[in-house]
Amino acid sequence: MPGPDATDRSRCPGELPSEPHCDSLVPWTGLLPDAFVPASGARRLVGGYLLTMPKQAGNQAPPESSAGTKVVTFNLVDLAPGDPGGLVDYLDAAFRACAKATPSSVAGVGALVGTVRSEYGAGSAEVVLLRRGTHLVWAALDGSGWEQGEQQRALAVLVARLL
């Protein structure tokens, strides 16, 4: 739940940038979480990541240089009623501008799906924006170790667990 100041914009100010910062990471705001939450009007922001590396990479290899690495980063946002910070519109525009995202469906949920430059040596990474009700999830699937169909299965798990 938001703190007592969260609904008082004079005590908890901030707003999303007027244009996405496509040179920064998803969601292209350039804001750190402590500024993103009040700017977006989010009630809650939860983030995480999962990383797998092939056994032959060893413990010393950095994941970004290990062929076969798979990475999923995700964020869940619970919106306040009415989306007072305009986050839905901002993310829609940012995904379209920064990832050339197009409408799709993931596990029965409407989505925007696009690509960005890989941080793990794969050439490109898939980014996805999902929404159900007042819940938003964005995720990046990166790395070179994905087999056919694995990314769709990973996204289906995110939908089932987070939306």
Side-chain touch Leu79/Ser40, heavy atoms, less than 4.5 angstrom: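 No, too far: nothing below the 4.5 Å cut-off.
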Heavy-atom check, side chain of Glu126 versus side chain of Leu155, under 4.5 Å: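 The answer is yes; the side chains approach within 4.5 Å.
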Contact summary for [X] and [Y], nearest pair of heavy atoms:
X: Gly30; Y: Ser24; value: N-OG, 3.6 Å
X: Glu119; Y: Asp142; value: N-OD2, 2.8 Å
X: Cys22; Y: Ala97; value: SG-C, 4.1 Å
X: Ala111; Y: Val128; value: CB-CG1, 4.1 Å
X: Leu87; Y: Phe36; value: CD1-CZ, 3.9 Å
X: Val88; Y: Asp83; value: N-OD2, 3.0 Å

Under a 4.5 Å side-chain heavy-atom rule over Ile, Leu, Val, Met, Phe, Trp and Tyr, are [X] and [Y] clustered together?
X: Val72; Y: Leu45; answer: no
X: Leu91; Y: Val116; answer: yes
X: Leu112; Y: Val106; answer: no

Residue pair Phe74, Leu130: steps toward the side-chain contact (heavy atoms from CB on, under 4.5 Å) verdict: CA-CA 11 Å; Phe74 62 91; Leu130 304 153; over 6 Å; no
Distance, nearest 0.5 Å, that separates CG of Leu136 from CZ of Arg131: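 Result: 6.0 Å between the selected atoms.
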Distance in Å, Leu158 CG paired with Leu50 CG, rounded so as to fall on 0.5 Å steps: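 Interatomic distance, Leu158 CG to Leu50 CG, rounded to 0.5 Å: 7.5 Å.
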Electrostatic pair Arg44-Asp78, nearest N-O below 4.0 angstrom: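 Salt bridge between Arg44 and Asp78, a charged N being under 4.0 Å from a carboxylate O: yes.
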Step-by-step side-chain contact (heavy atoms from CB on, under 4.5 Å) determination, Val109 to Val137: CA-CA 11 Å; Val109 174; Val137 171; over 6 Å; no
Residue that, paired with Trp138, satisfies side-chain contact (heavy atoms from CB on, under 4.5 Å) out of Leu76, Asn75, Val127: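 With Trp138 as partner, side-chain contact (heavy atoms from CB on, under 4.5 Å) holds for just one option, Asn75.
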Close aromatic pair by centroid cut-off 6.0 Å: Tyr90 and Trp28: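 Centroid distance Tyr90-Trp28: not below 6.0 Å, so no.
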Intermediate values then yes/no, side-chain contact (heavy atoms from CB on, under 4.5 Å), Glu150 and Leu141: CA-CA 10 Å; Glu150 283 184 326; Leu141 295 95; over 6 Å; no
